[in-house]
Structure formats: C-alpha cells, structure tokens
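First comes the structure, then the notes that go with it.
Convention: sequence-line order gives letters A, B, ...; per-chain numbering from 1.
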Protein chains: 2
Amino acid sequence: MSTQPPRLSATELAAYFAFTEVSSLLRHAVEKQLKDVGQLSYVQFQLLARLGDAPGGSQRMTDLADGVVYSRSGLTYQAQSLEERGLVTRAPSPEDERSTIVAITAAGREVLAKVFPGHIEAVKSLLFESLTDADVEALARMMTQVSGHLRANPPRSAGRRKAPTSAPASPSASRASSARGSVTD
Amino acid sequence: MSTQPPRLSATELAAYFAFTEVSSLLRHAVEKQLKDVGQLSYVQFQLLARLGDAPGGSQRMTDLADGVVYSRSGLTYQAQSLEERGLVTRAPSPEDERSTIVAITAAGREVLAKVFPGHIEAVKSLLFESLTDADVEALARMMTQVSGHLRANPPRSAGRRKAPTSAPASPSASRASSARGSVTD
DNA sequence: TATTGTTATACTCTATAACTATA
DNA sequence: TATAGTTATAGAGTATAACAATA
C-alpha cells in the first residue's frame, strides 16, 4: 500500500532465526544458572559484574545504568534489592550530593565468585563448544562491528513513526540531549 | 576452591560480550517496534508468526509451545490474550478432545502484515547493515550450527546443583516424563 | 495412570509520573 | 531550570501447583 516492503535474503533470514534462537536459549540457560546458584537475575548479575570491574568497586547510579538499558526506577529497584541482600551499598556521593554511589561489598564479590564458574561453563558449552577457533574470532569481529554500529546509530523508533499525518518532526529540542545511549533508550 | 575454574579466551570473552550486547539491543529494539506498531509482545509475535506459517494456520497448544520455551500456563495466558483481541481462535481438537487447536484469524494475519515491514527493516538496519554478505553467510552457518548443538544437548541445570545441604531430592516420580524439550525446559 | 490444558495465585520485573534534593 | 535519584503505582509476564477432562 506504500513503499516496497524491505526484504531479507534467504541467508539473512536463516541467520536471523538462528541468531535469535541461540541468543534466546543461551540467555535462558544463563538466567537459570544465575538464579539457581546465586539467586541473581541477569540484570543483577550484570550490575554486580560491572561493579566488580569498576575501579574501587563502585559507580554512580547513572553510570551503572548506562548500557544496562533500564529505566531509572528499574535500576533503583534492583539496587535496592541488592542492597537488602548486602551485596552492594549505596551512599550519596561526596562530590555531588545528588548522586548515589553504589559499591559492591565482599559478600557481593563472593556471590559473583560463586556464580562465575558455572556461568562461564554454560557459555563455553552452549555457545563455543560447536565453533572452531576461527569461527569464534570471526564471530567476535562481527559482533563487535555490529555492536559499534548499534552504539553509533541508537535505534530510534526502530520502525519509524506510523503515518505522521502531521508535522514531520519539528525538533522540540528537549529530546536531543539524550546523547549517549542513556538509560531508557 | 575446587576443580579448576573453566576459562574463556580473550577472543571468546570479546565474542560473548559483543554477542550478548547485540542480541540484547536487537531484542529491545524489535520488541519496541512490535509493541508500537502492533501492540504485540515478542512472544505473541512469535506465536502469530508460527501460526501464520503452519499449514492451515493452526496448531495444537503443545506444538505451539514447543520451542517458545515457556510454561504451559504462560502459553495459555498469551493465547487467551490473543484470543481476546480476535487474533486467534481456540477450539478443542476433534481428534483428541484434550487438545486445543489454536488458529490464526484474518485479523491476526493483518496484524502480522502490519508489523512485518518494520520488523524486517529493524533487523536489516540493526543487524545486517554493518555486515558483508560473506559475514552474513558465516553468521548463518555458525548460528545454525550452535542452534543444532543446543537442540541436541538440551541445557540441563546448566550449572550443576549447589551443595544440597539437605536431602538430595528423593524423586517423587511425576517430574521425569518431560522427555523432549517440553515447554518448561 | 498419563496427557492436555486451564485456573488460581504469587512474585518479579519494567515503566510512567510525580516528587525531593541538590546544582 | 536541569540533573540525580526515589517513590508510588500499575501492568505485563512468568512459574508453580492444584485441578478438570480426556485418553
């Protein structure tokens, strides 16, 4: 009824389906492992892992959120949950009293350590076991490439506005600032 | 503290992280598009798409579930939701009165058609745009391989039991039967 | 008894909007 | 006014267990 619908080649379709299936199964398995072994959701694991890597084991809420893709309130929710379990602490930043500094505790590191082996094993056996070294290298290159592309082109609506019917976007300013893939998007 | 922890090579790590990030961002973008354009969750889209491909546009609940990885109740929930919106119908099978046959409706196909272009475009621009044809082919091969591997080796606990501390599970029977990667696992 | 599916229920997660406080 | 974070709240999704009906 309008512009030619975009198409995927047979190879692209196959790649997309298989990619989707793999990531879905892998994610599912990993989530189960994290939950079974460490009572952690995937997001919580990511947060802990980030903190574990961060210098000083701590980060501001905003920086933590960056990349974990959730809403601010979602991060607060998870951080609270982790704090209640004693895996992280939260304290106002001395430098900027508006900020909250989240820091991983020893207990947090323990959980991380407890969970890691199984996590890695799962990834190894599920994702890498059936790939050659060359494949893994190619995969790393491709995914890094795509990932960079995604970071550079923050997916907007990802399916452009429906029929706008009205003005083709007079920039109401405000939005723009979101610059680097902030929390929500 | 026990057996040598498994390790990932630097390349594997990079591949895993990038893979994870890509699949996460892609999934997020696709979910947004499906929701914006067709008020569909990803699962609902998958169900509709399956039905759309199925001969006669219909399938048994059990067969539908197979591969979508959710619990039976979860499928019932989604099927109900789709039925309420008139996108599918549900009726007992004539052959086996225990079974429920789910069939996509014309309205269901319309939604599918409405959602498809944006979906494909998103996949194209987010996943494939930065890859060469050769890359796509390699990706398809790898993912198909891994996917086959995963289907062959249904991820069990994916992270062996913790220290049981108590009774190591006296099998209350019942459970075992789940045989072929059924719904739940 | 085993299988198919639904219901009841509880819980986790996410998102929006309103709000507080600092800058 | 803009930024950082929290709270209140509502809604979607998932899982478990109990259940009903058919095979």
Point to revise | Electrostatic pair B:Arg141:A:Asp135 at N-O distance under 4.0 angstrom | key: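 Looking at B:Arg141 and A:Asp135, the cut-off is met.
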
**Study point:** Pair A:Glu31 + A:Arg27: basic N to acidic O under 4.0 Å
**Key:**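 Looking at A:Glu31 and A:Arg27, the cut-off is met.
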
In whole angstrom, give the distance that lies between atom [atom1] of [X] and atom [atom2] of [N].
X	N	atom1	atom2	result
B:Glu84	D:dA12	CD	P	11 Å
B:Phe45	D:dA12	CZ	P	20 Å
A:Leu75	D:dT7	CG	C1'	14 Å
A:Met61	C:dT22	CE	P	16 Å
A:Glu31	C:dC11	CD	P	20 Å
A:Gln39	C:dC11	CD	P	16 Å
A:Leu34	C:dT12	CG	C1'	15 Å
B:Ile101	C:dT4	CD1	P	12 Å

Review point. Would the number of heavy atoms belonging to other residues, nucleotides or ligands and lying under 6.0 Å from NZ of A:Lys124 be above 12?
Key: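 Yes, enclosed.
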
Exercise for review: Could you walk me through whether B:Phe19 and A:Phe19 pass ring-ring contact (aromatic ring centres under 6.0 Å, His included), step by step?
Suggested key: CA-CA 10 Å; B:Phe19 179 88; A:Phe19 179 87; 5.0 Å; yes

Exercise for review: For A:Ile120, enumerate each residue passing the side-chain contact (heavy atoms from CB on, under 4.5 Å) test, keeping only those at least two apart in sequence or located in another chain.
Suggested key: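 A:Ile120: side-chain contact (heavy atoms from CB on, under 4.5 Å) contacts with A:Phe116, B:Pro6, B:Leu8.
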
Exercise for review: Can you sort out the partners of A:Asp133 under salt bridge (Lys or Arg N to Asp or Glu O under 4.0 Å), two or more places apart, ordered by chain and number?
Suggested key: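 Listed in chain order: nothing, the list is empty.
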
Exercise for review: Using salt bridge (Lys or Arg N to Asp or Glu O under 4.0 Å) as the criterion, list what pairs up with A:Arg90, not counting sequence neighbours.
Suggested key: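 A:Arg90 satisfies salt bridge (Lys or Arg N to Asp or Glu O under 4.0 Å) with A:Glu83 only.
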
Check your understanding: Would you say B:Gln78 reaches D:dA12's phosphate, i.e. side-chain N/O to OP1/OP2 under 4.0 Å?
Key ->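 Result: no.
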
Check your understanding: Nearest of C:dC13, C:dT6, D:dA4 to any side-chain atom of A:Ser41?
Key ->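 Closest nucleotide among those given: C:dC13.
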
Check your understanding: Shared ILVMFWY cluster between A:Leu112 and A:Leu34, side chains joined below 4.5 angstrom?
Key ->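 Linked within one cluster.
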
**Study point:** Sequence neighbours excluded, every pair satisfying side-chain hydrogen bond (donor to acceptor under 3.5 Å, both in side chains) that has a member inside residues 97-106 of chain A
**Key:**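 Applying side-chain hydrogen bond (donor to acceptor under 3.5 Å, both in side chains) to every pair that reaches into residues 97-106 of chain A, excluding sequence neighbours, yields A:Arg60-A:Ser99, A:Asp96-A:Arg98.
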
Pairs under 3.5 Å (N/O, protein and nucleotides 20-23 of chain D):
residue, atom, partner, partner atom, Å
D:dA23, OP1, B:Glu97, N, 3.0

For nucleotides 7-10 of chain C, print each protein N/O atom paired with a nucleotide N/O atom at under 3.5 Å, atom names and distance only.
residue, atom, partner, partner atom, Å
C:dT7, OP2, B:Gln80, NE2, 2.6

